[in-house]
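Since the structure comes first, as structure tokens, the remarks are kept for the end.
Note on naming: letters A, B, ... go to the chains in the order of the sequence lines (proteins, then strands), and numbering restarts at 1 for each one.
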Amino acid sequence: MDTFAELNQKQQEAVQAIKGPVLILAGPGSGKTRVITQRVAYLIKVVGINPRRILAVTFTNKAAKEMVERLEKLVSGAVKNLTVGTFHAICAKILRIDGKANGIPMEFVIYDADDQMSVIKRCMQELNLDPKQHIPQAIAAAISNAKSKMVAPADYVKHSRSYFEEVIGRVYERYEKNLFESKALDFDDLLLKTVRLFRKHAEVLARYQERYIHVMVDEFQDTNLVQYELIKQVGEKYRNICVVGDPDQSIYSWRSADLRNILSFEHDYPDAKVILLEQNYRSTKNILETASNVISVNQKRKAKRLWTDNDTGERTMVVEAYTEQEEAQFVVREIEQLVANDKFRLGDFAVMYRTNAQSRVLEEAFIRYGVPYRLVAGTRFYERREVKDVIAYFRLIQNPQDSVSLQRIINVPGRGIGPTTSAKLSVWAQSMGASVYDTLRILVDSKQKKDANAEDIPFNGRAGDALARFSEIMVEFIERSQKTNLVELFDFVLESSNYKQFTLNDPDGAERWENILELRTVAQQYRELSPREALAAFLEGVALVSDVDGYDAMLDRVTLITLHQAKGLEFPVVFIVGVEEKLLPHIRSMDDPDQLEEERRLCYVGITRAKQRLYLLHAFRRTFMGQSAVNPPSRFLEDIPKRLITTPGWSQREETKVSDAVYSWNRVRVDETEGKKEKSLHLPSTDLKAGDRVRHSIFGDGVVVSNKKVKSDNEVTVAFSGQGIKKLLLSLAHLEKI
DNA sequence: GCCTCTGGATTTTTT
DNA sequence: ATCCAGAGGC
């Protein structure tokens, strides 16, 4: 089905241009993914390149996984030897193996944004900086920015131009020192330290250069300077560098993505072959034209002329609602109608918005009308407290110098080591020039020996005992980690740390515990490795992956998603809501021409996700941060020629005000078609009410006390016989009505 | 050591 | 409106 012959002429050219640098500019829906996979398959099957010698970089783990899956069908077993992954995953692997040459310990841990903030706050404390005067988030962003541009702390300090920059410089230096002592790398470090390693150790770089005959990078428009540098380094020997991207879809400049990379590729590689993929296979002519008109206003842009053989299709529907509630209502109604007419299924629809805050009112409407939906990325699994806590235990086992993890769990569950004791411990550690963990060991040793130095230990009986006890269990964990398999270790740690008990006692215990069990199944995936390797692989996996299962495109539900997250996806019907000044473009981007161009690209990305129907909605009046305001329609709407647009007539508008009862037949319909697939996430919310009897897999039978909406879910309070009252999240708890 | 209260902020978040 | 961090009270 996916064969070479089915590619158009340009695509074939892109697949076969395997000598030297290649820049593929791929418009939306131009079959980019197919080209990339076909190209790899071509290299292996036709050219006879050993898969081991191909490097393919993607931007998400999901994209990497998809690429591997597609390739499996084309070249079967050969994929095993390919290097496919994100920049971060690939760099982590390189540093794990070769980092030692540049002073990076093999057991380093990876700090995420959360851990980073902890370190920054600690640094600021140590430097006596008031977090109210200098906002830690801003400092974190500045440091990350500096790292993305390969500016070292010393350089930063040298070139600081203002008091604020000077402060940042000081925190930056301290921050680096802290990370080093914790044997930790942040996300930016993974890239930066790899580039540095390659610069300093030509022999290491040479090995990778020699190995990778072909280097490919997807989503090149979103790479930053370090990433580009990395590609240049690795690809230098063979110069078979193929980058694929679309400058018009660059929407991550605020994360240091640098559009100049793609714009200057031809400058850096004058012999680069440039291939434009301009035929669109996704959208109708009207949608594509709408998109082109919006994007063509941008000044800093390579001209590109997209075209399609697809039908003209429906006109773009531009809808003005009175309020955001009416806007949401229109969306739901329209979806119900299209589904009722058997034109589409729920999975065909996506509703997109600029800010997460907008999802709320949409959810309320979907719940009210009983239309199943899926909110992409509510609370991320790995950001949940209990998940982070448990991971912290394992990070500490692998690397006891990890101060962030230690701080996190030293008193979780509570073991009598409060802030005072904790602070005292850090001070003592600093005075001895040792890490906190090593200090704990010293404490235990001297306690056991009851030696003469005991008077130096600044802890009286109770605090000292608590610290010693904690230290002892950690030592035991570390010993066991050498020989016990990961899942057994997992269970042991949760039991003996008392974390299991602690969790189950929590009001939200059931939900928390289920998350921990979920994490346990992740740990199970590494059962084939030796204990040491399994632990390392597990930690690396959880550090670099943001979602457990990704999302299931098969699930027949309406998708609610931010414009940013929608990149790379496609839907038969797309609604973009809040197409208003101050929202899209966002108010924070309105005074900077470059940022304004990015907002426009964001709008373009949204529009080009649509295959058959496109709705652009705005509300006359919108409540925003508790304040109601009147926003004019987005300037982007004015760039769409009238001939491409329809606005709904009054009859259609009127209907949105009809009472809920009118839709009840529809709700039943949806229930019937959807119900069996799995216990649906959101449908029962309207059903479960106080007094209902329910059954839970762990707690048994109980009675519903209350059911209230929280964020993207419903919090159901249930009184279980003999188990007490628990608060459960509906989406996770598998409550069965009895 | 835990709980409640208040003040401040609230774009986007592939890793 | 609402969520969160940090301060201060019990």
Side-chain angles (χ1 to χ4, degrees), chain A residues 57-65 85-92 110-114 116-118 121 125 130-132 135-138 140-141 144 147-148 185-191 218-219 221-224 226-227 249-257 324 352-358 360-361 376-377 379-380 382-383 385 411-422 462-463 466 540-547 550 561-569 578 582-590 595 598-599 601-603 605-606 622-628 710-711:
Chain A
V57 188
T58 60
F59 251 76
T60 62
N61 291 297
K62 194 172 142 234
K65 215 164 95 189
T86 62
F87 275 106
H88 293 86
I90 290 166
C91 287
I110 299 167
Y111 276 2
D112 67 13
D114 229 53
Q116 240 177 81
M117 280 307 294
S118 312
K121 282 183 188 156
Q125 229 160 37
D130 180 5
K132 279 185 187 136
I135 298 139
Q137 285 85 332
S144 171
K147 287 190 175 189
S148 303
L185 302 183
D186 63 24
F187 284 141
D188 298 313
D189 281 338
L190 293 174
L191 312 169
D218 193 10
E219 305 285 10
Q221 76 280 355
D222 287 327
T223 51
N224 64 30
V226 192
Q227 291 166 331
Q249 293 184 62
S250 162
I251 53 175
Y252 283 101
S253 72
W254 49 277
R255 288 195 53 173
S256 307
E324 69 269 32
M352 304 178 183
Y353 36 84
R354 177 68 237 262
T355 67
N356 281 120
Q358 291 170 261
R360 195 191 194 93
V361 59
V376 175
T379 345
R380 287 160 179 286
Y382 288 108
E383 280 166 21
R385 195 175 79 221
N411 199 34
V412 178
R415 19 175 105 82
I417 307 172
T420 321
T421 308
S422 225
R462 194 187 285 189
E540 194 143 310
V542 300
L544 296 175
V545 172
S546 55
D547 47 2
I561 193 170
T562 65
L563 286 164
H564 281 90
Q565 293 173 320
K567 195 179 73 167
L569 304 177
K582 297 185 187 173
L583 217 44
L584 184 66
H586 194 272
I587 187 157
R588 305 267 279 248
S589 302
M590 295 210 305
Q595 282 191 291
E598 183 147 315
E599 295 289 310
R601 291 195 291 269
L602 195 53
C603 185
V605 165
R622 184 178 296 271
T623 307
F624 208 57
M625 294 180 218
Q627 227 80 72
S628 176
V710 289
K711 203 137 194 204

- How long is the line joining CZ of A/Arg415 and P of B/dC2, in whole Å? 12 Å
- Message: Taking salt bridge (Lys or Arg N to Asp or Glu O under 4.0 Å) as the definition, give me every residue that meets it alongside A/Glu599, ordered by chain and number, with sequence neighbours left out.
- Response: A/Arg354
- Query: Atom CG of A/Asp130 and atom C1' of C/dA7: how far apart are they, to the nearest Å?
  - Reply: 13 Å
- Please report, rounded to the nearest Å, how far the P atom of C/dG6 is from the CD1 atom of A/Ile135. 13 Å
- Position toward the 5' end of DNA chain B (nearest nucleotide), A/Asp188 or A/Thr421: A/Thr421
- Message: When you measure from the side chain of A/Asn411 to the backbone of A/Ile417, do you find a donor-acceptor pair of N or O atoms at a distance under 3.5 Å?
- Response: yes
- Item | Which residues share a ring pair (Phe, Tyr, Trp, His ring centres under 6.0 Å) with A/Phe187, sequence neighbours left out | A/His88
Table of protein N/O atoms under 3.5 Å from nucleotides 8-10 of chain C N/O atoms:
none

- Measure the distance from CD on A/Gln125 to C1' on C/dG6 and round it to the nearest whole Å. 11 Å
- Task: Mind running side chain to side chain donor-acceptor pair (under 3.5 Å) on A/Asp218 and A/Thr58 for me, showing each step along the way?
- Result: CA-CA 5 Å; A/Asp218 193 10; A/Thr58 60; over 6 Å; no
- Task: Give one of base, sugar-phosphate or nothing for A/Lys121, where a contact means two heavy atoms less than 4.0 Å apart.
- Result: sugar-phosphate
- Item | Heavy-atom closest pair, residues A/Gly578 and A/Leu584 | O-CB, 3.9 Å
- Message: I want to check one thing: is the phosphate of B/dT14, taken as OP1 and OP2, less than 4.0 Å away from some side-chain N or O of A/Asn61?
- Response: no
- Item | Atom-pair distance (OH on A/Tyr382; C1' on B/dT14), nearest Å | 16 Å
- Message: Tell me the closest heavy-atom pair linking A/Thr60 and A/Thr86, and the distance in Å.
- Response: C-CG2, 3.4 Å
- Taking only residues two or more places apart in sequence, or in another chain, which ones meet A/Arg601 in a salt bridge (Lys or Arg N to Asp or Glu O under 4.0 Å)? A/Glu598
- Task: Determine the contact category for A/Asp222: base if any of its heavy atoms lies under 4.0 Å from a base atom, sugar-phosphate if only primed atoms, P, OP1 or OP2 are that close, otherwise nothing.
- Result: base
- Message: Taking any heavy-atom pair under 4.0 Å as a contact, classify A/Gly416: base, sugar-phosphate, or nothing.
- Response: sugar-phosphate
Pairwise N/O distances under 3.5 Å, protein to nucleotides 10-12 of chain B:
from	atom 1	to	atom 2	distance (Å)
B/dT11	OP1	A/Arg588	NH1	2.7
B/dT11	OP1	A/Arg588	NH2	3.0
B/dT11	O4'	A/His586	NE2	3.2
B/dT11	O2	A/Arg354	NH1	2.8
B/dT11	O2	A/Arg354	NH2	2.2
B/dT12	OP1	A/Asn356	N	2.6
B/dT12	OP1	A/Asn356	OD1	3.2
B/dT12	O4'	A/Arg354	NH2	3.2
B/dT12	O2	A/Trp254	NE1	3.3
B/dT12	O2	A/Arg354	NH2	2.6
B/dT12	O2	A/His564	NE2	3.4

- Query: With no hydrogens and no angle check, is any side-chain donor or acceptor of A/Asn224 less than 3.5 Å from a backbone partner on A/Gln227?
  - Reply: yes
- Task: Applying ring pair (Phe, Tyr, Trp, His ring centres under 6.0 Å), name anything that partners A/His586, two or more places apart in sequence or on another chain.
- Result: none
- Message: Distance check needed: C/dC4 P versus A/Arg385 CZ, whole Å only.
- Response: 11 Å
- Message: What is the distance, to the nearest angstrom, from the NZ atom on A/Lys132 to the C1' atom on B/dA9?
- Response: 13 Å
- Item | Integer angstrom distance from the P of B/dT13 to that of C/dC4 | 16 Å
- Query: Could you give the NZ-to-P distance, from A/Lys567 to B/dT15, as a whole number of Å?
  - Reply: 11 Å
